[in-house]
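Here the structure is a predicted model, which means the values were calculated and not measured. Counting starts at 1 for both ligands and their atoms, in listed order.
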Amino acid sequence: MKPIIAIDGPAASGKGTMARMLAEHFRFAYLDSGSLYRAFACIELVLSDKSAVSLNDKAEKEENHNLHLADLSEDYDFTHILSDTLKEAEKNKKKIDFSSYTAHTKFFSEDTSGAREFISIAKKIPDNILKSEIVGTGASTVGKLPEVRALLTSLMREFASSPGDKYLGTVIDGRDIGSVVFPNATCKIFLTADLKVRAERRFKDTKNFGDTSATFESIYETLRSRDERDASRSIAPMTYDETHIVVDTSNISIKEAFNKLVNIIDLRLHNA
Ligand code: DC
């Protein structure tokens, strides 16, 4: 098995930025596990759309035969349904009730061949939808469902078992990567920062994306409640133990955090 670097931490702690930079530096593949949970929330949104009823019927009838995931992306204009649903919610200031989700795990084949398909679906969803805070909240809510966690955990393990010839290992970021998905990862990091600092960084990002509707206070509150949900769920809560190295980035720059992590990982890779 090629080495695995697990990076966990709360929302907007900079895990994604660090993980991407580290993957490039070490010539590792990068897997953003949050985007898998986010994609799952998006799929649930699409399936809860009225126009997806026929697909749901089809799944009921073929209960014992998993529907091929490709059916989903072929039959439905994902982006269209998603952006309409989100626009509608925004226009009416309507909260999407992700808590009523039932997890359509039957759409996913149990065998591991589903991993690449799922990842390719996640990649098809435009970033402004996938990375939106509303989809983040949805991901955090569907992430409480045991069947969703089991499915995505097996997809991640499959991915890291063969990241591709050109990669020397895998960097994965999330909430439970070092604690549950890869407890024996070569290096386990818990990246964190003060909630206020994280909210300020996210606020700046949303403004840079051209989103002027979110206020600092609303972002602060959304991150706070997402962290609370992620840390308090009964299965695979966000946590760390003495096998993780905790890095607090509240008072350091991206460059300083990166250099610090490179040193830590270098040491681990040489001693592995
Ligand atoms: O890292 P992120 O903000 O993109 O993750 C979005 C949500 O997905 C997060 O609030 C909780 C869920 N998630 C999870 O439960 N487990 C993971 N390993 C990654 C994300």
task = Please examine the side chains of Tyr240 and Val246, heavy atoms only from C-beta on, and report whether any two atoms are closer than 4.5 Å.
result = yes
request  = Before signing off on this row, confirm whether Tyr37 and ligand 1 have an N or O atom pair separated by under 3.5 Å.
outcome  = no
[atom]: the protein heavy-atom neighbour that sits closest, reported with distance to 0.1 Å:
{"atom": "atom 6 (C) of ligand 1", "value": "Arg226 NH1, 3.4 Å"}
{"atom": "atom 19 (C) of ligand 1", "value": "Ser33 OG, 3.3 Å"}
{"atom": "atom 18 (N) of ligand 1", "value": "Asp176 OD1, 2.9 Å"}

Ignoring hydrogens and geometry beyond distance, is a side-chain donor-acceptor pair present between [X] and [Y] at under 3.5 Å?
{"X": "Tyr220", "Y": "Arg198", "result": "no"}
{"X": "Arg229", "Y": "Ser140", "result": "yes"}
{"X": "Ser253", "Y": "Glu256", "result": "yes"}

Run the salt-bridge test on [X] and [Y] with the 4.0 Å N-O cut-off and return the result as yes or no.
{"X": "Asp8", "Y": "Lys188", "value": "no"}
{"X": "Arg201", "Y": "Asp194", "value": "no"}
{"X": "Asp173", "Y": "Arg20", "value": "no"}
{"X": "Arg224", "Y": "Glu228", "value": "yes"}

key: Arg202, Arg149, Arg175, Met238: member with heavy atom nearest to atom 15 (O) of ligand 1   = Arg149
inquiry  = Minimum distance, heavy atoms only, to atom 7 (C) of ligand 1: which one of Gly16, Ala139, Pro237 is it?
reply    = Ala139
Please state which part of [X] comes within less than 4.0 Å of ligand 1, counting heavy atoms only: side chain, backbone, both or neither.
{"X": "Arg233", "answer": "side chain"}
{"X": "Ser140", "answer": "both"}
{"X": "Arg38", "answer": "side chain"}
{"X": "Arg229", "answer": "neither"}

message = Tell me whether Met156 reaches ligand 1 (any heavy atom closer than 4.0 angstrom to a ligand atom).
response = no
ask   = Does Lys15 have a heavy atom less than 4.0 Å from any atom of ligand 1?
value = yes
query = Are Ile265 and Leu168 co-members of a hydrophobic cluster defined by side-chain heavy atoms under 4.5 Å apart?
reply = yes
note = For Gly174, the atoms of ligand 1 under 4.0 Å from one of its heavy atoms are 18 (N), 19 (C)
